[in-house]
Amino acid sequence: SRVSVIWWLGLVTLALILRVVVMYRKGRVIDSFDYLGLLRFKRALFACSLLMQSAMGAGIWFLGDTATPEIYQSMTAVVCFYGLSVMISLANDFRSYVYSSSLLYCQPLLYWLSEGTGSIWIVATILFSSGIGVMVVRTISHNFAKSTDARFDEGRSMVDLMQSRSETQ
């Protein structure tokens, strides 16, 4: 029903507002964080991501009994397309992506599994979409980690070189 969808949109909006508030309050002072502060910030963003993906995935349950199969399919398409934005925003954090996308994709997946064998293609589409996302984010986050490690190794090498030069002079 429309009222249920409005409640769902309200839930999604609240989750989004929470993320914006966390980013605004902590993002302005991120330069001053020590290591533990950065970890707390990362945990706060992770919690916001879990909440947001849970809210988006829950849309399938808010449709109600009066919705047609086409409306359920449309909601599933919304979730799968939204999954692309999750993939992009969490591309450098594989762990966060796996947990968040699980909450996003599992809800419509459970709905369609409960509908019986007539929805096997929809189930396959959800599994394909989530599987591709996992593979892409795994590759991107691995490459990001290698790049970051190489930059820190290069920085350490420069520091070592500067120290050895100052010792020989």
Side-chain angles (χ1 to χ4, degrees), residues 1-24 26-27 38-151:
S1 80
R2 267 191 194 152
V3 173
S4 296
V5 172
I6 290 171
W7 278 104
W8 171 69
L9 288 172
L11 178 65
V12 169
T13 302
L14 285 174
L16 183 60
I17 288 170
L18 177 65
R19 183 170 179 96
V20 168
V21 167
V22 167
M23 285 298 298
Y24 179 75
K26 296 193 181 239
L38 287 173
L39 283 179
R40 282 192 296 274
F41 182 55
K42 185 176 179 182
R43 284 189 205 117
L45 290 178
F46 178 65
C48 288
S49 180
L50 293 177
L51 180 63
M52 186 68 191
Q53 275 50 272
S54 295
M56 281 299 293
I60 199 94
W61 306 115
F62 280 82
L63 294 177
D65 295 334
T66 59
T68 65
E70 290 80 17
I71 292 175
Y72 280 100
Q73 291 168 357
S74 297
M75 179 60 78
T76 302
V78 166
V79 167
C80 288
F81 283 121
Y82 178 75
L84 292 173
S85 69
V86 173
M87 181 178 68
I88 292 166
S89 68
L90 296 176
N92 65 341
D93 189 353
F94 181 67
R95 181 182 144 267
S96 293
Y97 177 77
V98 168
Y99 288 124
S100 292
S101 66
S102 295
L103 294 172
L104 176 68
Y105 287 114
C106 282
Q107 296 182 75
L109 183 66
L110 290 172
Y111 171 79
W112 288 107
L113 285 172
S114 72
E115 290 297 300
T117 58
S119 59
I120 193 71
W121 290 108
I122 297 171
V123 168
T125 301
I126 295 168
L127 290 173
F128 178 77
S129 178
S130 63
I132 290 293
V134 167
M135 289 188 306
V136 167
V137 171
R138 182 176 175 267
T139 301
I140 291 171
S141 65
H142 176 73
N143 290 341
F144 180 78
K146 281 182 13 184
S147 172
T148 304
D149 288 345
R151 287 186 185 141

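Sequence positions, counted from 1, serve as the residue numbers for this chain. These values consider heavy atoms only, across backbone and side chains, with no hydrogens, waters or symmetry-generated copies.
- By the side-chain hydrogen bond (donor to acceptor under 3.5 Å, both in side chains) test, Ser129 pairs with Tyr105, sequence neighbours left out.
- By the side-chain hydrogen bond (donor to acceptor under 3.5 Å, both in side chains) test, Trp112 is found to be paired with Thr76, residues two or more places apart in sequence or in another chain being considered.
- Here Tyr24 pairs with Arg28 under the side-chain contact (heavy atoms from CB on, under 4.5 Å) rule; sequence neighbours left out.
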Q: Decide yes or no on side chain to side chain contact (heavy atoms under 4.5 Å, CB included) for Asn92 and Ile140, but give the supporting numbers first.
A: CA-CA 6 Å; Asn92 65 341; Ile140 291 171; 5.5 Å; no

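- The two residues Ala67 and Tyr72 come nearest to each other via the heavy atoms CB-CE1, 3.5 Å.
- Residues Ile132 and Phe128 are in side-chain contact: their nearest non-hydrogen atoms beyond the backbone lie under 4.5 Å apart.
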Working note: Tyr111 + Ile122, criterion side chain to side chain contact (heavy atoms under 4.5 Å, CB included); need CA distance, chi angles, decisive distance, verdict.
CA-CA 10 Å; Tyr111 171 79; Ile122 297 171; over 6 Å; no

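- In this structure Trp7 satisfies the side-chain hydrogen bond (donor to acceptor under 3.5 Å, both in side chains) test with no other residue, sequence neighbours excluded.
- Listed by chain and number, the residues in a side-chain hydrogen bond (donor to acceptor under 3.5 Å, both in side chains) with Ser130 amount to none (sequence neighbours excluded).
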(message) Working note: Asp93 + Lys42, criterion side chain to side chain contact (heavy atoms under 4.5 Å, CB included); need CA distance, chi angles, decisive distance, verdict.
(response) CA-CA 10 Å; Asp93 189 353; Lys42 185 176 179 182; 3.4 Å; yes

Quick one: side chains of residues 44-53, donor-acceptor pairs under 3.5 Å with protein atoms, not counting sequence neighbours, listed by atom name and distance.
| residue | atom | partner | partner atom | Å |
| --- | --- | --- | --- | --- |
| Ser49 | OG | Gln53 | NE2 | 2.8 |
| Ser49 | OG | Ser100 | OG | 2.7 |
| Gln53 | OE1 | Tyr82 | OH | 2.9 |
| Gln53 | NE2 | Ser49 | O | 2.8 |

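- A 4.5 Å side-chain heavy-atom check between Val79 and Met56 finds every atom pair outside the cut-off.
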Handout entry: Pair Ile71-Met75, side chain to side chain contact (heavy atoms under 4.5 Å, CB included): steps then yes or no
Key = CA-CA 6 Å; Ile71 292 175; Met75 179 60 78; 5.7 Å; no

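- The shortest side-chain heavy-atom distance between Val136 and Tyr97 does not fall under the 4.5 Å cut-off.
- Of the residues Ile126, Val123, Ile120, the one that meets the side-chain contact (heavy atoms from CB on, under 4.5 Å) test with Leu113 is Val123.
- Residues Arg19 and Val22 are not in side-chain contact: their nearest non-hydrogen atoms beyond the backbone lie 4.5 Å or more apart.
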